[in-house]
Amino acid sequence: MKEIILLKEGEIALKGLNRRTFEDAMIKNIRRRLKPFGKFSFERSQSTVVIRPLDDDIDLDAVEDYVSKIFGIAAYCRAAVVKKDFETICEQTLSYIGEELSLARTFKVNAKRADKHFPMKSPEICAELGGKILEAYPHLTVDVKNPDITVTVEVRQDSAYVHSGNKKGAGGIPVGTSGQAMLLLSGGIDSPVAAYMMAKRGLKLSAIHYVSPPYTSDRARQKVERLCEKLTPWCGDMAFYCVPFTELQEKLRDNCPEELFTIIMRRLMMEIAQRIAEREGMQALITGESVGQVASQTMGAIVCTDAACRMPVFRPVIGMDKTEIIEIARKIDTFDISIEPYEDCCTVFTPKHPKTRPVLAEVEAAQNGFDFEPLIAWAVENTELKIIRYSDICG
Ligand code: ATP
Ligand code: MG
């Protein structure tokens, strides 16, 4: 029996004249991501995209799993392609969905007849097929409101598709349709979640990470690269920029008031991120900050950090509690890596008493007291770039 995957568009179906552009972007993303699995054809009809495997040995379970992480898809399902003849439809439905039906308690049949030449109307298909199912599985009862399984038959022009109902897709809009942004990616729990949330709104992301060897280890950096890999099923391939930050931190420690260390360091991080983002044509920064979580994330600290930014900074987890952030981190499978105990450059030279209410004028005066410019320029120039590819981690 031939199988296909049906994708139902979400928000993009409402995009009016721009819809085609959004659809094209989504199909391009899917094509690229499914490449490692084999050859497929893609067709669109109304607000559905049909993915048809062209090779026989394609692992559809894996394909389904990846499809569930592609933004722009509201719902998806795996369906059997069946000859458009009612007897065959019944037979194949019973064999294709048989196991699920034997485990369920209630069901209903949902028929859609796109081909109006098909001799039976939808209510007739539902009634007749429902009867056959009850004959084969007498333990079942029909529940039209809240069934365990919705046996669905879609009669199309070429053939009929049979499946057991839709699964929830990733939602959002296709990655790349909202422009590009630079994510400040630490090894923590919050920034990978911030990445997921902004990719969901259509942003194409690159990641920047600051390291301070020998204070931070190579394993700490590798941990962040692994986090980045975990993000690729959602975000697609990502450019990963690794900034050598040691010297800036040492000079900062030696030349500025200790209690302002963290806030000036964050301003320097923003400056470096912006220079690379501007060079690469990106339009915004993203961080995993959440108000009040730590000393550098008080309102006052955020005001001082923002004052060093020329581009908008998106902080999608700003109003979330840690428990809410962790829930998403588990869902996107970054949590277990995030809690591995490695040092971060942010915790190197941390002052004992960081200022929780820094005054911008004071911060600027302290920062201007030392010429960081040559070190910033050097850090930007010596930033390493690595492309983290989705295809390297799948399969
Ligand atoms: P996270 O869980 O994302 O590490 P956090 O609660 O530990 O966040 P901070 O350490 O204050 O908070 O960092 C705030 C934000 O600054 C992070 O969410 C991230 O966007 C950025 N950041 C922190 N450290 C680094 C780093 N070494 N490289 C890149 N970005 C960083
Ligand atoms: Mg952190």
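We count residues from 1, following the sequence as given. Side-chain atoms are counted along with the backbone in the values below, which use heavy atoms only and exclude waters and symmetry mates. One-based numbering, in listed order, for ligands and for the atoms of each.
- Under a 4.0 Å criterion applied to the non-hydrogen atoms of Asp344, ligand 1 contributes the atoms 24 (N), 25 (C), 26 (C), 27 (N).
- Every atom of ligand 1 with a heavy atom of Met269 under 4.0 Å away is listed here by number and element: 22 (N), 24 (N), 25 (C), 26 (C), 30 (N), 31 (C).
- In terms of polar-atom proximity, defined here as any N/O pair under 3.5 Å, Ser191 does make such a contact with ligand 1.
- The aromatic rings of Tyr66 and Phe37 are tilted relative to each other, their planes meeting at an angle between 30° and 60°.
- In this structure the side chain of Asp344 never reaches within 4.5 angstrom of the side chain of Val224, judged on heavy atoms.
- Atoms of ligand 1 lying under 4.0 Å from any heavy atom of Asp190, numbered from 1 in the order shown and given with element: 1 (P), 2 (O), 3 (O), 5 (P), 6 (O), 8 (O).
- Between Phe71 and Tyr196, a ring centre-to-centre spacing shorter than 6.0 Å is recorded.
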Anything under 3.5 Å between a donor and an acceptor, one on a side chain of residues 258-267, the other on a protein residue two or more places apart or in another chain? List them.
{"unit_1": "Glu258", "atom_1": "OE2", "unit_2": "Lys352", "atom_2": "N", "d": "3.2"}
{"unit_1": "Arg266", "atom_1": "NH2", "unit_2": "Glu289", "atom_2": "OE2", "d": "3.4"}
{"unit_1": "Arg267", "atom_1": "NE", "unit_2": "Gln367", "atom_2": "OE1", "d": "2.6"}
{"unit_1": "Arg267", "atom_1": "NH1", "unit_2": "Cys304", "atom_2": "O", "d": "2.8"}
{"unit_1": "Arg267", "atom_1": "NH2", "unit_2": "Gln367", "atom_2": "OE1", "d": "3.3"}

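- Nearest to atom 12 (O) of ligand 1 by heavy atom, out of Gln297, Lys322, Glu289, is Gln297.
- Atoms of ligand 1 found under 4.0 Å from any heavy atom of Thr287, numbered from 1 in the order shown, are 20 (O).
- In this pair, Phe42 and Phe40 present their aromatic rings tilted. The plane angle is within the 30 to 60° band.
- Close contacts between ligand 1 and Cys345 involve ligand atoms 27 (N) [criterion: under 4.0 Å to a heavy atom].
- Checking only distances, Ile286 never comes within under 3.5 Å of ligand 1, N or O to N or O.
- Taking every heavy atom of Gly188 and a limit of under 4.0 angstrom, the matching atoms of ligand 1 come to 1 (P), 2 (O), 4 (O).
- Atoms of ligand 1 lying under 4.0 Å from any heavy atom of Cys346, numbered from 1 in the order shown and given with element: 23 (C), 24 (N).
- For ligand 1, the polar-atom distance check against Gly288 finds a nitrogen or oxygen pair separated by under 3.5 Å.
- Neither side chain, Tyr342 nor Gln222, offers a donor N or O lying under 3.5 Å from an acceptor on the other.
- Evaluation of the ring-ring contact (aromatic ring centres under 6.0 Å, His included) rule for Phe372 yields Phe370 as partners, not counting sequence neighbours.
- Here Leu185 has backbone heavy atoms under 4.0 Å from ligand 1, and that is the only part of it that gets that close.
- Taking a cutoff of 4.0 Å between a charged side-chain nitrogen and a carboxylate oxygen, Glu11 and Arg201 qualify as a salt bridge.
- Although no hydrogens or angles enter the test, the distance criterion places a donor-acceptor pair under 3.5 Å between the side chain of Gln274 and the main chain of Ala308.
- Close contacts of ligand 1 with Ile208, meaning ligand atoms under 4.0 Å from a residue heavy atom, involve 29 (C).
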